[in-house]
Number of protein chains: 2
Amino acid sequence: MDFEPMGVAADLVILTVRDGSLQVLLIRRGIEPHKDRWALPGGFVRPVEDLEAAARRELAEETGLVSDRIHLEQVATYGEPGRDPRGRVVSVAYLALVPDLPTPVAGTDAASASWVPADEVLTDPERLAFDHHRILLDGVERARAKLEYSPLATAFCADEFTISELRGIYEAVWGTPLDPRNFHRKATKTDGFVVPLGTTTTRDGGRPAQLFRRGPATFLHPPLTRG
Amino acid sequence: MDFEPMGVAADLVILTVRDGSLQVLLIRRGIEPHKDRWALPGGFVRPVEDLEAAARRELAEETGLVSDRIHLEQVATYGEPGRDPRGRVVSVAYLALVPDLPTPVAGTDAASASWVPADEVLTDPERLAFDHHRILLDGVERARAKLEYSPLATAFCADEFTISELRGIYEAVWGTPLDPRNFHRKATKTDGFVVPLGTTTTRDGGRPAQLFRRGPATFLHPPLTRG
DNA sequence: GACCCTTATCGTCAGGATGACGACAAAAGA
DNA sequence: TCTTTTGTCGTCATCCTGACGATAAGGGTC
């Protein structure tokens with residue numbers, strides 16, 4: 001039995017935390033189908049190219065971020081017949097977590113790509129083309145869940161960060177305030193989550209805060225709890 | 001820009017608990033490539049067929065289970081160029097959890113499909129064709145992780161079960177013994193995990209045990225802990 | 001029936017983690 | 001100097017867990 005050929009695309013949910021809110025990178029489509037509508041960045045996987053390589057290539061094209069230190073993980077694959085008017089297209093969705101970029105979306109013409117608050121997009125199911133609303137929903141939920149039991153929040157931070165900056169990540173992604181004192185205790189006492197650098201900064205105002213770097217832990221035990 | 005067509009397959013990690021151990025359904029391939037080698041059940045997605053529908057169809061073909069009450073979830077998608085000698089094939093892996101079947105693999109010729117202890121397969125990376133060892137690894141790890149924070153263990157059980165049967169599921173999947181008294185407390189006190197039926201059974205020997213049905217909870221809070 | 005074996009179920013207790021919140025420290029700015 | 005802002009350390013009651021003792025209620029054996 002032979003197979004029926006299909007198109008395979010890689011779509012990206014690229015998240016960052018800017019101005020205290022979780023934001024997603026969207027592009028305005030320049031071509032049909034869904035011309036002029038907002039959509040997730042993405043494109044077809046090339047004939048000889050790994051799925052993750054395709055995702056990483058799209059990520060670089062849209063953000064200018066080429067580092068393999070950017071967190072990128074597969075979320076799910078969407079293949080409902082009819083989801084793409086061009087034919088049978090199966091889309092593998094990836095989730096990318098990037099720090100707040102100093103250069104706003106470098107390497108792209110600013111007109112077609114921009115950061116948008118995630119909940120603003122999530123509350124309007126018609127905002128995005130294709131089934132990208134569902135993909136975004138799954139991507140954001142994945143990110144929210146992983147903050148609980150993995151040290152992934154550090155992927156949103158710069159190399160060096162303070163505990164309250166880290167807390168700000170959690171508050172933005174979860175959309176809920178956290179007690180600074182309890183969070184401080186949890187973050188610093190969970191083995192391998194963050195390592196102190198011995199230096200301080202006053203960039204957040206108030207009393208100088210210790211600077212930290214991400215630790216070697218791959219999961220948090222016990223996990224943090226949402227809400 | 002047009003797309004390069006690829007084959008899209010759905011492969012299945014079908015797990016059950018039999019004789020106190022976690023077992024996976026494998027088939028012996030009757031055709032090339034990898035003829036006569038063991039592999040996960042699976043096949044190409046049809047031109048007009050949803051991915052999950054394809055997985056459910058394969059599940060029915062291999063096990064005779066057609067019920068939509070069987071737990072089936074997507075795990076990941078594998079698309080490395082060269083993973084299939086027939087050409088560029090992208091495989092969407094699904095995880096199915098089924099109760100210990102009274103009829104051993106109904107609807108299939110018994111020669112080509114059989115239950116095999118999962119850890120026996122996992123310890124030999126060359127046991128399975130294609131990249132199915134990796135897929136199995138990911139599927140089993142998903143199952144192990146989800147038992148912690150979801151009531152999914154009940155998917156391995158019959159409609160009515162005792163607490164110690166449920167505990168047996170955990171012990172088999174995690175490969176670690178659990179304290180019967182603490183597990184009983186946890187299972188019965190976690191809201192919505194199991195609901196008592198008021199009836200008892202002595203099928204496990206010893207003092208009659210309460211029978212339970214799965215409860216309405218979709219996650220366990222707080223989660224159970226492995227080992 | 002007396003006894004034993006097996007499994008089910010309840011209870012106790014110490015230790016760890018959490019959430020709520022008080023208190024003080026150390027900077028910037030008025 | 002005083003106020004404001006943020007960081008950091010403590011305290012305490014509560015909940016959950018893991019370890020484990022004790023009792024309950026069947027079946028089987030003699």
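The chains referred to below are lettered A, B, ... by the order of the sequence lines, with proteins before strands, and numbering in each begins at 1. No hydrogens, no waters, no symmetry mates; every other heavy atom, side chains included, goes into these values.
Contacts between residues 150-173 of chain B and DNA chain D, counted as heavy-atom distances below 4.0 Å, involve no residue at all.
Panel note: side chain E165(B), backbone T162(B); a donor-acceptor pair is recorded below 3.5 Å.
Nucleotide dC20(D) holds its C1' atom 16 Å from the CG atom of L178(B), rounded to whole Å. Note: NZ (K189(A)) to C1' (dT8(D)) measures 11 Å, nearest angstrom. Atom CG in D179(B) sits about 14 Å away from atom P in dC10(C), given to the nearest Å. Computed from coordinates, the E148(B) CD to dT17(D) P distance equals 12 Å when rounded to whole Å. Straight-line distance from the CD atom of Q210(B) to the P atom of dC10(C): 8 Å, rounded to whole Å.
For R181(A) and dG7(D), a side-chain-to-base donor-acceptor distance below 3.5 Å is absent, hydrogens and geometry of angles not being considered.
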Please tabulate, one pair per line, each protein N/O and nucleotide N/O from nucleotides 15-19 of chain C that are separated by under 3.5 Å, including the distance.
| residue | atom | partner | partner atom | Å |
| --- | --- | --- | --- | --- |
| dT18(C) | OP1 | K186(A) | NZ | 2.8 |
| dG19(C) | OP1 | T225(A) | OG1 | 2.9 |
| dG19(C) | N7 | R185(A) | NH2 | 2.8 |
| dG19(C) | O6 | R185(A) | NH1 | 3.1 |

N/O-N/O pairs, protein side and nucleotides 1-3 of chain C side, under 3.5 Å:
none

Could you list, one pair per line, each protein nitrogen or oxygen that sits under 3.5 Å from a nitrogen or oxygen of nucleotides 27-30 of chain C, together with the distance?
none

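For T188(A) against V194(A), the heavy-atom pair with the smallest separation is CA-CG2, 4.4 Å. In terms of heavy atoms, Q210(B) sits closest to P196(B) at OE1-CB, 3.9 Å. For the residue pair A93(A) and I135(A), the shortest heavy atom distance occurs at CB-CG2, 3.5 Å. Considering all non-hydrogen atoms of both residues, A217(A) and P151(A) come closest at O-CG, 3.1 Å.
The pair R134(A)-E141(A) does not meet the salt-bridge criterion, since no charged nitrogen lies less than 4.0 angstrom from a carboxylate oxygen. In this structure, D159(B) pairs ionically with R69(B), as a charged nitrogen and a carboxylate oxygen lie closer than 4.0 Å.
A close approach under 4.0 Å does not occur between any side-chain nitrogen or oxygen of H184(B) and OP1 or OP2 of dA8(C).
Annotation: side chain of L22(B) is not in contact with side chain of D119(B) (no heavy-atom distance under 4.5 Å). Proximity of L59(A) to Y94(A): side-chain heavy atoms (C-beta onward) are nowhere separated by under 4.5 Å. Counting only heavy atoms from C-beta outward, the side chains of I169(B) and C157(B) approach each other to under 4.5 Å. Taking 4.5 Å as the limit, some side-chain heavy atom of E120(A) sits within range of a side-chain heavy atom of R127(A). For the pair F130(A) and L40(A), the minimum side-chain heavy-atom distance is 4.5 Å or more.
Of the listed residues (D138(A), D131(A), D11(A)), just one forms a side chain to side chain donor-acceptor pair (under 3.5 Å) with Y78(A), and that residue is D138(A). Evaluated for a side-chain contact (heavy atoms from CB on, under 4.5 Å) with T63(B), the options V98(B), L25(B), T16(B) yield exactly one hit, L25(B).
Note on D204(B): only backbone sugar-phosphate atoms sit closer than 4.0 angstrom, heavy atoms only; bases stay farther off.
Here F183(A) pairs with Y170(A) under the ring-ring contact (aromatic ring centres under 6.0 Å, His included) rule; sequence neighbours left out.
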Please test V90(B) against T77(B) for side chain to side chain contact (heavy atoms under 4.5 Å, CB included), starting from the C-alpha separation and ending with a verdict. CA-CA 7 Å; V90(B) 167; T77(B) 298; 3.3 Å; yes
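The overall bend of the helix from dG1(C)-dC30(D) to dA30(C)-dT1(D), read as the angle between its terminal helix axes built from five base pairs each, is 0° when rounded to 10 degrees.
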